[in-house]
> 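Right, I'll just put the structure down here and ask away after.
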Amino acid sequence: MIRIDNLSKSFTLHNQGGAVIPVMGGASLTVAPGECVGLTGQSGAGKSTLMRMVYGNYLAAGGSLIVGDLDVASAAPREIIRLRRETLGYVSQFLRVVPRVPTLDVVAEPLLALGTAGEEARDRAAHLLHRLNIPERLWALSPTTFSGGEQQRVNIARGFAHAYPALLLDEPTASLDAANREIVLSLIEEAKARGAAILGIFHDESARARVCDRLVDVTGFTPKVAA
Amino acid sequence: MTLREKIVALDRPILKVEGLTKRYGPRIGCVDVSFELYPGEVLGIVGESGSGKSTLLSCLAGHQRPDLGRIAFDGRDVLAMSETERRLLSRTDWAYVHQNPRDGLRMGVSAGGNVGERLMAVGARHYGQIRGKAADWLGRVEIAADRIDDRPSAFSGGMQQRLQIARNLVTAPRLVFMDEPTGGLDVSVQARLLDLLRGLVRDLGLSVIIVTHDLAVVRLLAHRLMVMKSGRVVEQGLTDQVLDDPQHAYTQLLVSSVLQV
Amino acid sequence: MTISRETQAYNFAYLDEQTKRMIRRAILKGLAVPGYQVPFASREMPMPYGWGTGGVQVTAACLMPEDRLKVIDQGADDTTNAVSIRKFFARTAGVATTERTGEATVIQTRHRIPETPLTKGQILVYQVPIPEPLRFLEPRETETRKMHELEEYGLMHVKLYEDIARHGQIATSYAYPVKVEGRYVMDPSPIPKFDNPKLGQSPAIQLFGAGREQRIFALPPFTDVVSLDFDDYPFAATKAPHDCDLCGARQSYLDEVITDDRGGRMFVCSDTDFCAGRQAEGKVGRLGVGQAEGAK
């Protein structure tokens, strides 16, 4: 489902003397449907960078990056928009939403974008918020005022609202208590069971051990520093 | 339209712009701008004052004639159209939301009359139906039904802007031009307007070109982004990609200049 | 009547022949494009703007020595404006004048159409203060011209919409906009909308002159003129729901006259010639002749 081949990335800092900073080279991995692959490596090794590249958030400098049947590395923006809408979900560490939009609508939005009827989308959103223990009295409020853990759970609900065939999870269980962590892990297991290909970053080792089928250490993708 | 026809229609650009150039004497308005816009897409155009983004918008919307280039709307050559056709288009398939609602509203006409004008302009002649539709649209932009006979001068800035949007969208346009639509508004009012616009874009399948200098606005509203400097497009791509991984020196400067909240 | 010695210094009908030619060309163009506002080089006239300078110029350009002129102001032949314009042409053109609608060949009017149906060969000249019907909604002249050119008349209905929204009905009671021959929207000058039905299919020539605004427009005989309205709020030519207190006419446009400071009032035909004609035929209204005299 996800096939990364010889992917490289560098940043050019035009406003700092045009310094070119290579951050990744020769990255290759695959994720099959129903499989969960965990990225490991020290902080700054490039786990999040790789995830962002898969999502099309960062441009690739070279190589290919195929999700489904689209090469994200060379795709047109509108192809990536469609990929994100239909195929590829992303649960980031931070929730980024329009202020003052009710939580229920924030979670339902990916479904509405797919053309799901409003009521059905909100039912699904309500179901997920219930499951993730977001009290119903908060649903009408904007999540921007929520605690970190609550925001994280809203973010997860949003990411799981649509049954994406491929999912990117950036520390989905961070800042969650044991009970909620358990719920998120079972959501991931369910997604795997329905055949979703998942690429994730899990700092929590027991979580990693439980849901990941394989681990890939991104330290190996660090470019050799030019002599 | 059958589903298949709809899918095919979605796959054709609604607006195709090639090599658009406008000069003001020796001064550059915009130079060699090309892009395509697809149905349901929101394209943000950012850049500092004088970057040519407003010139570009006014050329696209037919307010100014470009010196060079081509604009095709739905396969029709916009620049070759007669003025009658173009003005008809701007009352039906197109809409233009001004930064200052006073430029886009008739301040001496009631809210209902403002919304109804476009309907009457395309031949609606049943008062009850016009009023019904106006009331429906006021509801959609969250203006209380009992304000229908009030003049916009009695409205707050945010309400005026929402009224302008209702007035523009009542004839179900397919392409909406927006010039800094959240420009003069309080931050809290901006958020509500952004959410409203997002919902309308999604529910009506609108294609939107939005010119702004506010990167937060485009991040939340635009699917794609064009960055302009000195009349030229220096970078374009997915909105979050351009903002998070800018490639051009100017974009990097622009993004890094935004104050973090 | 012959031109007296003291007026021989004037050109016939005051205007010089070049000016008449220019105005006649504008009139012909207006007749050729019914409802279209033709610009013309309006001259200074020996009366203030707002006193019918446009109408006077059009009348001057139309008058022939054999014409018989009638001038009315709000339907009356005997008000200052009417009297002074009638005298003006009697002196400068030496034409015959009349108060009888049926006898006149040229009628200059301010804000009314005579009740007596006009006939073939008559010319009705309107004094027009503001020729542009779109003016109050769109102040830019460049824009209104463009709207006429492209037949963008939605705005006209916005005005009627506002009327209904505000008053529950179309409250515009004079200068009620019309569409001419399915093309141009025209302001018929501030005649009461009661008179609007008389605009269309008239055997007479109708000419409109706006002196200050320098516009002439026209309705040739038997022109199609439709008052704008909504399907669910159709146009209605309304008048005060009374009969004339002097002549008893039921279908003529009435003026309300306050007769004392205790709420006394009477309704009389605004068309004085029409009313006098009926009274001469022996028709009597509620206050009759004698009582009306007594009320004064």
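Labels below follow one simple rule: chain letters A, B, ... track the order of the sequence lines, proteins then strands, and each chain is numbered from 1.
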> Picking from B/H126, B/R131, B/E83, which has the most non-hydrogen pairs under 4.5 angstrom with chain C?
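With the most close heavy-atom pairs to chain C, the winner is B/H126.
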> Just say parallel, tilted or perpendicular for the rings of C/F230 and C/H157, cut-offs at 30° and 60°.
perpendicular
> Keeping the roles fixed (side chain from C/Q108, backbone from C/Q127), state whether a donor-acceptor pair exists under 3.5 Å.
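Looks like no, no N/O pair under 3.5 Å.
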> Does the ring center of C/F235 lie less than 6.0 Å from the ring center of C/Y176?
yes
> Who wins among B/R118, B/Q129, B/R87 for the most heavy-atom pairs under 4.5 Å with chain C?
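Counting heavy-atom pairs under 4.5 Å, the top option is B/R87.
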> Select one option (side chain, backbone, both, neither) describing which atoms of C/L137 are under 4.5 Å from chain B's heavy atoms.
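Both backbone and side chain of C/L137 come within 4.5 Å of chain B.
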> If you count heavy-atom pairs within less than 4.5 Å of chain B, which of C/L150, C/L155, C/D232 leads?
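With the most close heavy-atom pairs to chain B, the winner is C/D232.
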> Give me the ring orientation class for B/H63 and B/Y96: parallel if the planes are under 30° apart, tilted from 30 to 60°, perpendicular past 60°.
tilted
> Answer with yes or no after comparing the ring centroid distance for C/H148 and C/Y153 against a 6.0 Å cut-off, counting only values under it.
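C/H148 vs C/Y153: aromatic centres under 6.0 Å.
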> Side chain, backbone, both or neither: which part of C/Y161 has a non-hydrogen atom closer than 4.5 Å to chain B?
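Both parts, backbone and side chain.
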> Between B/R91 and chain C, which part of the residue has a heavy atom less than 4.5 Å away: side chain, backbone, both or neither?
side chain
